[in-house]
Number of protein chains: 2
Amino acid sequence: MDHLNEPAPAPVETAGSPVPALPRRVTVLSGGVGGARFLRGLLHRIAGTPGSPTEVTVVANTADDIWVHGLKVCPDLDTVMYTLGGGIDAVRGWGRTEETWNAKEELAAYGVEPTWFGLGDKDLATHLVRTQMLEAGYPLSAVTEALCRRWQPGVRLLPMTDDRVETHVLIDDPAEPSGRRAVHFQEYWVRLRAEVPARAVVPVGLEQSAPGPGVLEAITDTDLLVLPPSNPVVSVGTILGVPGIREAVSSTSAPVVGLSPIVAGSHVHGMAAQVLTAIGVEVSAAAVAEHYGARSTGGVLDAWLVDESDGAAVERVRAAGIACAAVPLMMTDLDATASMVDAALRLLSEERR
Amino acid sequence: MDHLNEPAPAPVETAGSPVPALPRRVTVLSGGVGGARFLRGLLHRIAGTPGSPTEVTVVANTADDIWVHGLKVCPDLDTVMYTLGGGIDAVRGWGRTEETWNAKEELAAYGVEPTWFGLGDKDLATHLVRTQMLEAGYPLSAVTEALCRRWQPGVRLLPMTDDRVETHVLIDDPAEPSGRRAVHFQEYWVRLRAEVPARAVVPVGLEQSAPGPGVLEAITDTDLLVLPPSNPVVSVGTILGVPGIREAVSSTSAPVVGLSPIVAGSHVHGMAAQVLTAIGVEVSAAAVAEHYGARSTGGVLDAWLVDESDGAAVERVRAAGIACAAVPLMMTDLDATASMVDAALRLLSEERR
C-alpha cells in the first residue's frame, strides 16, 4: 500500500505492471451512455482473454424512466441493451441505428405532448413490447429479460427495482408561487438540455422502492463491483438510493472500484455538473469520490480512478481513505476503455498488496 | 313510378334527366375502403355545388377493430378519416401515404405476434393517441372527434358504438376437435387473405352493444340515408346489427338508397363474396338487395343501384319492392363516384314521382 501515499503515478507507471486477471463475477452499477460505453470496453477486455470465465451483471438505473404517449420508456436499460446488442446509434449514443421519426412527427401533428421526447420508430417497438408485458402483469425485470433474449447483450441486465421511481428536477419558474417547478428528469435533460440551473433533484418513489430480483445478490455474491463513469447523482446515486442497495455495496466482500465521470472539472457527457451542483457537491473528480465515500468510513468505494488530467486529485482522494490512480479515462475507443478496466484491476491489486 | 316496371334503363337514359339537388342532411353507413371512396365522391359532388348546405354524417363500422400490440386499431374509422383528410395511401386504399414500417419489422424481430398486421410508423401515432385517450376514460366517439380535429374530414364521423365489438370468422381447422376455429376478422382478411372458406361470421359483443352518441339521431333526423358499396355482412351488416340501428333505419322518414358492392357476381374490393357465402346469401347484386330487404316489408332499402353490367338484376330487385336502376358503379375517379350519387338521387326522385 506504500505507493498509494506517493504523488499520483503517471499512467506509464501502472501501464508497465502486469494486469491482474478479471475475476469470475463482475457487477456494474450503470446509468445510460457512460455506463454502456464502459461495459462495451469491459466486454471487449473479456473477449480479448480467450477462455475467460468472467460473467458480467449490470444493475441499471431506472429512475429516468418515463411514461410517454402511454408507453413505458426505460432510457438507461435500453441504452445498455442496444449498445451491447449492436443496435445503438453510436453517434448519438442513444436510440436505434438508422432510426426514422415518423410516429414522432405524427404525434406532434396531432398536437399531443410531449413533442420533445426522442421516440424513434424502431425504438417504439421496444416500448410497445415492454408496455404490453407490463400491462399483462410482468415485472420490469422479467420484461427486460425477455427483451434481452433478442439483443443478447452478453451481460445479465437487471433493473435496479421493479417499482416506479422517477427523478424530478426542481427548476426556477417565476410564474409559480414558490418560484420553483418540478420537471421530469427527461424534460430537464432533453427539452431544457440542462441549460437552466437544477435547484434540487427529487427521486420520486425511491424511498418506497425495493431492489429488483437478483440485485442484492449481484452485489453481495460477486468478485468485483464497479461504479462506471455514470452520473453520480441521477444514475449511480439513484441506484444506491434504493433501500438496501447502499448497505449491500458497503458490506459486500468484493472490492469496489469507481471511475470518475468528472474529467478536468466537468462531465464528459451528460449533465453531472448541473446535478452535482444541485446537491451541493463540488464538480471535481476528487469531490465525487468524497461524495461516494470510503467503505472504511461507511461509504461505497475502495478505489477510484481519475483522469490523467486530474493527477492533482489523487492525494485528496487517498486522504479520504480511497485508493486512487490517475489514468486516461476518455473512452475514445474499445481499447482505450478496456485499458481503463485494466487500470482498475491494477489499482485494486496494488491496494491489496 | 311507371318506368320502374320497365326493363333496366341504360345509364344514358338516366344521365339525361336533371339531377335533383342534394338534401341538407345526408347520413352514410360506412365500412372502410369502399365506403370511404364513395364518401370522397359524395364530398366532390357537394364541393361541385357552390353554396350547397349539405352536411354529411358517417356512421362507421367498428366491428373490425382490433387490439394489437396493446394498441386499439379502428381500421374503418381510420380509412374514412385518412381518405377524407388527405392522408390515405391511395394505391393500397388503407394506411398512410409515404408510410414506413420500421416499428412493425422490429416487433417481428422481437418475435411478438401478430406479425401480419399492417402497422405503419405514421399510422402508429393515431393508435397511440387513441389508446391513451381510451385508457384515460374517453369513449371511442370522443376520441374519434379529437382525431378528426386534425384530419378535418369534412364529415361528422361517428363510430357505430362505443362498445367493444369484434367480428370473428369461423374457418376450417382439422386440428380442432370441432373441426372449426374462430379467427379475428383482421386475421381472416389480412393474414389469410380471405383465401379459405368463411364458415360463419360471429360479431362478438354486437348484441350487447349500444349505438354511439348521435348515431340514432343521425339516422332518424336526416334527409337521405345511404348504404354505400360497403361489405353487406361485416361492415353495413354489423352497423345494422347494433341493437336499435336497424329499427331506426326501417322507420326513418328519410329515403334509404343503397349501392351494390357486388358487380358482375363478385366484389370489387374486399371479401364480400366469402362472407355472403358464409351467411347463405347468393353473391349477386340482386341477392344483396333482397338480403337488406324493402322497407315496405320490414327491411332497410327504398332504392338500390346495381352496376350497368348487372342490368338483369333490376327486375328481380324491383320485385322485392325496392326501386332499382343499373348505372356505372365502378369508382374509377371522383367524377365517376359523384355520378353514382347523382344516379342515387335520380332514382329516389323518380321513385317518388
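- Remark: A/Arg130 CZ is packed, more than 12 non-hydrogen atoms of other residues, nucleotides or ligands lying under 6.0 Å away.
- What you find for B/Ala125 and A/Ala103 is that their closest heavy atoms are CB-O, 3.6 Å.
- The neighbour count for B/Phe117 CZ, taken as heavy atoms of other residues, nucleotides or ligands under 6.0 Å away, is above 12.
- Of the inter-residue distances, the one linking B/Asn102 atom CG with A/Asp121 atom CG reads 6.0 Å to the nearest 0.5 angstrom.
- Contacts between B/Leu124 and chain A at a heavy-atom distance below 4.5 Å involve the side chain alone, from C-beta outward.
- The residue among B/Arg150, B/Glu135, B/Glu98 with the most heavy atom pairs within less than 4.5 Å of chain A is B/Arg150.
- Interface residue B/Leu71: only side-chain heavy atoms are found under 4.5 Å from chain A.
- Within a 6.0 Å radius of CD in B/Glu145, no more than 12 heavy atoms belonging to other residues, nucleotides or ligands are found.
- Looking at B/Trp101, neither its backbone nor its side chain comes within 4.5 Å of chain A, counting heavy atoms on both sides.
- The structure places CD of A/Gln132 at 9.0 Å from CG of B/Leu107, a figure rounded to the nearest 0.5 Å.
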Worked verdict on B/Thr126 versus A/Tyr110 for side chain to side chain contact (heavy atoms under 4.5 Å, CB included): CA-CA 8 Å; B/Thr126 301; A/Tyr110 276 115; 2.6 Å; yes

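- With chain B as partner, the option from A/Val112, A/Asp123, A/Leu119, A/Leu128 having the largest number of non-hydrogen pairs under 4.5 angstrom is A/Leu128.
- For B/Arg149, no part sits under 4.5 Å from any heavy atom of chain A, backbone or side chain.
- The number of heavy atoms from other shown groups lying within 6.0 Å of CD (A/Glu187) is above 12.
- Surrounding CZ of B/Arg40 are at most 12 heavy atoms belonging to other residues, nucleotides or ligands under 6.0 Å away.
- No more than 12 heavy atoms of other residues, nucleotides or ligands shown are found within 6.0 angstrom of CD on B/Glu55.
- Proximity to chain A involves both the backbone and the side chain of B/Glu106, based on heavy atoms less than 4.5 angstrom apart.
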